[in-house]
Structure formats: C-alpha cells, structure tokens
Amino acid sequence: MEDLMKSLAEARPPTPEVSRDRMERDLARIVALPQEKPTRKALVRRFAPLAVVAAVIALAVVVLPEPSQPVQPAAPGQWWRVLREQWSVMVVGDPSKPYLVRFDSKTDQWQAGTREIAVVQKDGEVSPLSPNDDAAWEAAGRPEVVPQVGGSRSVRIGSMAPGVRESYVSGLSLTSMYWDRLESFDDLPADPAGMLAMLKPEGKSTYQIAELVMAVLIADVRDDQRRAAFELLRSLDGVRYLDRVQLRNAREGVGVAIPAPPQFQFGDVETQFVINPDTGKPIVRRNVITRPQHGLPANMQIFEEEYLLLERTTIEPILPLGVAVNGEVESPIIER
C-alpha cells in the first residue's frame, strides 16, 4: 500500500509556472471590459424595502388627522351659593314642667339670574337642648309630639325631612319683607348714603332696614358694596359696634348688635351680626337674650345662623335624592 501511494504522488502533474506579466495583462483586460447596468428588476429587489418604508410614512402623513384642538366648553352657569347652618330654641311640654328643645338644620340656597333653588331642613333634627331638658323629656315619657308653651301648635321630636324649593322671579329680592325688586345688584350704590336711599327706608323700622342691609352682606355683591353695607349697618340708630368677637374654632370677627323686636316666647332680644374683617363676608348672625328667661341666663343665644359658604360656583345645585322639587315640606311644627 505504501508503495502504491508513493507511486501516485510521483505521478501527479507538476505545478504550472505562473507568469506575473501575463497576470497583470489579464487583469487590465478584465477591468477595461464594459460593465452591465443593473436591470429594473434588480433595482426593485434592492430598493423595495426602502420604498415600502417611504410609502408607510407617506400614508401616515396623509391618513392621520392633525392633532385635534381642545374643545372649548360652553360657558357654565354661575351660581351664587349660600350654605347656612342654623339652630334655634323653643319651650315645650307641660307649662308646669316645661323644657327646651333645639331645632338644628342647614339651608343650601343657590341663585343664578332669576332662578332660585333652596334645599331646606337639610340634616334637620329636633332634640332636647341640654341633659336637664333630656331628663325632663324622659320623665314625660319621651313623647314624639310635644305642645309649644304659650302657643297653639305642637313640635315633632326627631329627624326632619328635607325639602326642595325652586322659583323664578322677576328681578332680585333681598328678603321676604322687601317687595321692591332690583334688576341687578349692580344697581346698589357703593356708598352708605346712596345704598340707604336705594333701600327706600320710608315706612320701615330701624330693624327692618338692618335686616335688608344684612341681606346685602350675604348677597352676590361686589367687595366695595359689601364694605358700604357694613358701614351703613354701623351707622343705624341704636346699633352698637362689636370689636374682636370671639367665635367657635378659635375664630374672631367684628360686628354690630342691634335691639330686636320680641321673638316668640322670648323678649329683650338683641341681634348680633359678625363679619370677617379681612373679606367683609358674614360669619354668623345670632339672637341673644339680654335678661334671664325660661331658665336661661342673660346673654344666652336662642338663635344662630352660621354662614358656611358664600361663594360663586359653576357646580349645579346638589339636591337630596328622592325629594320632589316643590313638593310638600314636612315641617316639625304642626297643628295640634
């Protein structure tokens, strides 16, 4: 076998000699030959991917919409909202063994133009005023209905049902006693004398004028009108200025005190009206007895109305569920 392999190796043809001059002449001839241009088909194959990308981009530019402009909402309605929390005291029960009950509720009032909506008796409840009054009610058998002392009606103890009132008026009214209506609060002068003349004081008592001015302070008026209203209130006959009035929650305000007409079951009453000196907006209105009555000491409050909100808002009125607008309101004070 080894001899065979050796013989085959020796029989291999010799490697041809390579001429360098000939290689250079062949290379020059090949380079000089005309080169074939790429065919259309080759070009398509070569550049097809780029054409597809370009087409997609062009399609996106044509098909995709321009960025949408933000839709401007229609101008929402402006409401003037007054949310107040009020409580008052009443003497009830057997005249020989009377006790006091307290009426608690909120009134949420909304006004826009000539439209007025009010939620009354919100979170309302009637309950004994103090632990002693609660004991007297217990001793009387915890009646659900008790008679007023000195009155012809009775009072329901317990929760109040809320009601909703909606009305449309021509012009603006300040209080139920003020039958003259204003086309706009802009008509009110921003000086005390001019405002007093606009409120037509003829035939009105000082307290009635004071009530109108207090209504201006609660209304949707300008700051200068509100300042003028408070100055007018201070200038009325018999009004006493209250400086640094201490309120709940460590608050403080300034205000006025004015003798009030007799109230049901209470005489010698003074109305106090307190505002925030920084904003001019009212904080609280309250009635205080100036002498002891029905077991209550002098300077005891028998009525209070605290203004929780006085603001412009675009929020629609918040109404209690299941309560008919302008339906019958179940008052806690009923016929006997």
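Across all their heavy atoms, Ser331 and Arg156 have their closest contact at O-NH2, 2.6 Å. Between Val284 and Tyr307, the shortest heavy-atom contact is N-CD1, 3.8 Å. Listed here is the closest heavy atom pair of Val216 and Ala229: CG1-CB, 3.8 Å. The heavy-atom pair separating Trp110 from Ile318 by the smallest distance is CZ2-N, 3.4 Å. Of all heavy-atom pairs spanning Val323 and Pro162, the tightest one is CG1-O, 3.7 Å. Between Gln208 and Gly203, the shortest heavy-atom contact is OE1-O, 4.2 Å.
Side-chain atoms of Tyr207 and Ile258, non-hydrogen and from C-beta on, do get closer than 4.5 Å to each other. A 4.5 Å side-chain heavy-atom check between Val288 and Met300 finds every atom pair outside the cut-off. Asp134 is not listed as a side-chain neighbour of Leu129, based on a closest heavy-atom distance of 4.5 Å or more. Residues Tyr99 and Lys97 are not in side-chain contact: their nearest non-hydrogen atoms beyond the backbone lie 4.5 Å or more apart. Side chains of Asp104 and Asp123 form no contact here, defined as non-hydrogen atoms less than 4.5 Å apart. Val149 has its side chain within reach of Gln265: a pair of non-hydrogen atoms, C-beta onward, lies under 4.5 Å apart. Between Ile209 and Leu196, some side-chain heavy-atom pair lies under the 4.5 Å cut-off. In this structure the side chain of Met214 reaches within 4.5 angstrom of the side chain of Leu233, judged on heavy atoms.
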**Prompt:** Checking side-chain contact (heavy atoms from CB on, under 4.5 Å) for the pair Tyr168/Glu116: CA distance, chi angles, key distance, verdict?
**Reply:** CA-CA 6 Å; Tyr168 291 84; Glu116 296 178 357; over 6 Å; no

**Request:** Start with the C-alpha gap between Val155 and Val145, add the side-chain angles, then the distance that decides, and say whether side-chain contact (heavy atoms from CB on, under 4.5 Å) holds.
**Result:** CA-CA 5 Å; Val155 176; Val145 177; over 6 Å; no

**Request:** Start with the C-alpha distance between Ile117 and Val325, add both sets of side-chain angles, then the distance that settles side-chain contact (heavy atoms from CB on, under 4.5 Å), and finish with yes or no.
**Result:** CA-CA 9 Å; Ile117 296 177; Val325 176; over 6 Å; no

**Message:** Walk me through whether Gln109 and Arg84 qualify under side-chain hydrogen bond (donor to acceptor under 3.5 Å, both in side chains).
**Reply:** CA-CA 8 Å; Gln109 188 174 4; Arg84 52 190 113 194; 2.7 Å; yes

**Message:** Could you walk me through whether Glu304 and Arg248 satisfy the salt bridge (Lys or Arg N to Asp or Glu O under 4.0 Å) test, starting with their C-alpha distance in whole Å, then the side-chain angles of each, then the deciding distance to 0.1 Å, before giving a yes or no?
**Reply:** CA-CA 12 Å; Glu304 180 178 280; Arg248 290 193 301 271; 2.9 Å; yes

**Asked** Between Asn299 and Ile289, is a side-chain contact (heavy atoms from CB on, under 4.5 Å) present by the stated rule, with each step listed?
**Response** CA-CA 5 Å; Asn299 300 318; Ile289 54 176; over 6 Å; no

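Between the Arg226 side chain and the Leu217 main chain, a donor and an acceptor come within less than 3.5 Å of each other. A donor-acceptor contact shorter than 3.5 Å is absent between the side chain of Glu270 and the backbone of Ala257. Under a 3.5 Å cut-off, the side chain of Gln121 and the backbone N or O of Lys106 do not form any donor-acceptor pair. Although no hydrogens or angles enter the test, the distance criterion places a donor-acceptor pair under 3.5 Å between the side chain of Asn326 and the main chain of Glu166. A donor-acceptor pair under 3.5 Å is formed between the side chain of Arg336 and the backbone N or O of Gln148. A donor-acceptor distance shorter than 3.5 angstrom exists from the side chain of Lys204 to the backbone of Lys200, with no hydrogens or angles considered. The backbone N or O of Pro143 sits less than 3.5 Å from a side-chain atom of Trp137, completing a donor-acceptor pair. Using a distance-only test at 3.5 Å, with no hydrogens or angles considered, no donor-acceptor pair links the side chain of Asp108 to the main chain of Val119. Panel note: side chain Gln225, backbone Leu188; a donor-acceptor pair is recorded below 3.5 Å. Counting only distance, with no hydrogens or angles, the side chain of Gln263 and the backbone of Pro261 share a donor-acceptor pair below 3.5 Å.
Atom CZ of Arg227 and atom CG of Leu232 lie 15.0 Å apart (nearest 0.5 Å). Here Ser127 contributes atom OG and Asp133 contributes atom CG; the two are 10.0 Å apart, rounded to the nearest 0.5 Å. Separation of atoms CD1 (Ile302) and CG (Leu296) is listed at 8.5 Å; rounding is to 0.5 Å. Rounding to the nearest 0.5 Å gives a distance of 8.0 Å between CD1 of Ile333 and CE of Met160. In this structure, the separation between CG on Leu247 and CD on Glu252 is 8.0 Å, given to the nearest 0.5 Å. The CD atom of Gln86 sits 3.5 Å away from atom OG1 of Thr107, with the distance rounded to the nearest 0.5 Å.
For the residue pair Thr271/Asn287, the side-chain donor-acceptor check at 3.5 Å is satisfied. Side-chain atoms of Ser130 and Asn132 form no donor-acceptor pair, as typed in the model, at a separation below 3.5 Å. Inspection of the Gln78 and Thr314 side chains reveals no N or O donor paired with an N or O acceptor under 3.5 Å.
When the side chains of ILVMFWY residues are joined at heavy-atom separations under 4.5 Å, either directly or via intervening members, Val120 and Ile218 end up in two distinct hydrophobic clusters. Under a hydrophobic clustering in which Ile, Leu, Val, Met, Phe, Trp and Tyr are joined whenever their side-chain heavy atoms come within less than 4.5 Å, directly or via other members, Ile283 and Leu242 fall into the same cluster. Under the 4.5 Å side-chain heavy-atom criterion for ILVMFWY residues, a single connected hydrophobic cluster contains both Val213 and Val256. Hydrophobic clustering keeps Val82 apart from Trp87 (ILVMFWY residues linked when any side-chain heavy atoms are closer than 4.5 Å, directly or through intermediates). Linking ILVMFWY residues whenever their side-chain heavy atoms come closer than 4.5 Å, directly or via other members, leaves Val89 and Ile157 in distinct clusters.
For Glu306 and Arg251, the salt-bridge test passes: some basic side-chain N is under 4.0 Å from an acidic carboxylate O. Note on Glu125 versus Arg102: no salt bridge recorded, every NZ/NE/NH1/NH2 to OD/OE distance being 4.0 Å or above. At a threshold of 4.0 Å, the pair Glu335-Arg153 counts as salt-bridged, since one of the basic side-chain nitrogens sits closer than that to a carboxylate oxygen. Comment: Asp186 engages Arg222 in a salt bridge, judged by a side-chain N to carboxylate O separation of less than 4.0 angstrom. With salt bridges taken as basic N to acidic carboxylate O contacts below 4.0 Å, one links Glu211 and Arg285.
In this structure, Arg234 is positioned above the aromatic face of Tyr241, its NZ or CZ under 6.0 Å from the six-membered ring centre and within 45° of the axis.
Sorted by first and then second residue, the ring-ring contact (aromatic ring centres under 6.0 Å, His included) pairs involving residues 251-297 (not counting sequence neighbours) are Phe266-His294.
Listed by chain and residue number, nothing satisfies the ring pair (Phe, Tyr, Trp, His ring centres under 6.0 Å) test with Phe103 (two or more places apart in sequence, or in another chain).
Summarising the local packing, CD of Glu328 is surrounded by 12 or fewer heavy atoms from other residues, nucleotides or ligands at distances under 6.0 Å.
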